Amino acid sequence: MTQRRRAAGKYRPEAEVIPRPEAISRPAEIPRPRERATLFESGVDRDGMRVTVVGSGYVGTTLAACLADAGHDVTAVDIDPDVVAAINDGRAAIHEPGLDDLLAEHAGERLRATTEYGSVPDADVTFLAIGTPSNEDGSIDLGALTAAAETTGEALAGPESDAPSADDEVGDRHLVVVKSTITPPGVREVREALREGAGDAADRVELATNPEFLREGTAVDDFRHPDKVVFGTDSDWATQRLEALYAPLLAATDAEVPIVRTDPETAVMIKYANNAFLASKISLANDLGNICKRFGIDAYEVMDAVGLDDRIGAKFLRSGVGWGGSCFPKDVDAIRAAAREAGYEPALLDAAVAVNDGQPERMLELLDAHADVAGKRVAVLGLAFKPGTDDIRNSRAIPIIEGLQARDAHVVGYDPVATENTRERFPDIEYADSAASALDGASAALVVTDWDEFAALDDAFDAMAEPLVIDGRRVIERREGLTYEGLTW
């Protein structure tokens, strides 16, 4: 693939927010393969669109399964034959509540997977859901995404589809939608790659963006009941096609779903602003929580009152050991790097990252104030970056375990679902098959992930050699006979 120059620019579009698209309907000119009934509980009957989803990672698999459940005919494309085989077998390669059920329901019918791009020309919409990993400087690596865009273009440059169409001009056009998280300058790079692959067919291919706002652990529910849907397009035709695609989803929701219609660059910036704001809000809560701890004040009591202000809101005010995962760290780093490339220093976002990076060390300092753990058994409760997932990317457990190893502690970890992923990162520590087993004989316990089962622990603490708990998520209740330290309370 050819090397492409990253381009920067200024974008000043106007976004239109529509309260609820009650009258959204499918334009008559969009071809339909056959009638399909959605499985949404509302019983909305819709015929399905042909959709190809390129990339079957976390976002791509969730997107493909949920679109099939909404009544569309979906082909998932991935270069990994094992992932393809799993989807065709009705299994997810990731842990996500509800996703296996959807795959089992629709695999072989409305959903199929392949390593080939043959479904692209006949699709009504092609999504690109390829990972954009971080470079060392925090910027995103668009290599895999631009390669997929170019290959998609090459597929469209082949023989034209013989799918029926009520309008030749519409039938000749193809919409490619970027679901991957990319910065505004990245849109141009992906568009150039798509057009390069399409060659002489480039003029009938249009690129749009449709950022995802899924949370790991609740992704299926988030897709079915979105807070908002963002369409980034350059034409009314592309907007109408996305409206048609989402019509079954929006008709099946009980609440009003705002649709934001804007241009492709602004749409992707909305995603970055969304995550950067939430990450910064948590870091501010943590910064204030650290101050409260110095004053001997319970930060949760303070934030409960602060959250009553409707200008602030109560969400994302739970202070603790910090944020992790695949979204907040990666997206905040990417927009900081993009800002610097554009000549701006993002001081507030830098501070948010600095506060977050410091929380695990503050937790370890609280441990140091109570015990010297050299040679002693220390339990780490929670290895995933949040409950409901087996994802350990940027988990706060990673710096905690590294800090304990630096203190020569004997580390024993426990997590309901993330043990195997953590074992790949830390093969030499001990892993327990239950929280009680991890606590047995431990001289200290650090709570890093707020799994519900940890809140139910009680007598298990009696088996500790020294009943010391450092709680980074406000999960454990204070009890008699337990030395308890909350990180910010």
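From a predicted model like this one, the values you see are computed outputs, not experimental measurements.
- Every residue two or more places apart in sequence or in another chain that forms a salt bridge (charged side-chain N to carboxylate O under 4.0 Å, His left out) with R191 is listed here: D234, E265.
- Take D203 and apply the side-chain hydrogen bond (donor to acceptor under 3.5 Å, both in side chains) test, not counting sequence neighbours, and it matches R195.
- Looking at residues two or more places apart in sequence or on another chain, you find no salt bridge (charged side-chain N to carboxylate O under 4.0 Å, His left out) involving D390.
- F328 has its side chain out of reach of N356: every pair of non-hydrogen atoms, C-beta onward, lies at least 4.5 Å apart.
- The six-membered or imidazole ring of Y246 lies near that of F231, with a centre-to-centre distance under 6.0 Å.
- A salt bridge links R340 to D350: at least one charged side-chain nitrogen sits closer than 4.0 Å to a carboxylate oxygen.
- E96 pairs by the salt bridge (charged side-chain N to carboxylate O under 4.0 Å, His left out) definition with nothing, not counting sequence neighbours.
- Between R110 and D73 there is no salt bridge, since none of the side-chain N atoms of the basic residue sits less than 4.0 Å from a carboxylate O of the acidic one.
- At least one side-chain heavy atom of V125 sits less than 4.5 Å from a side-chain heavy atom of M49.
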For D221 and R224, what are the C-alpha separation, side-chain angles and deciding distance, and is it a salt bridge (charged side-chain N to carboxylate O under 4.0 Å, His left out)?
CA-CA 5 Å; D221 189 63; R224 286 172 161 172; over 6 Å; no
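- Atom-to-atom distance recorded for T233:OG1 and L175:CG is 8.5 Å, nearest 0.5 angstrom.
- Among residues at least two apart or in separate chains, salt bridge (charged side-chain N to carboxylate O under 4.0 Å, His left out) pairs with a member in residues 416-426 are E402-R425, E420-R423.
- With sequence neighbours excluded, no residue satisfies salt bridge (charged side-chain N to carboxylate O under 4.0 Å, His left out) with D101.
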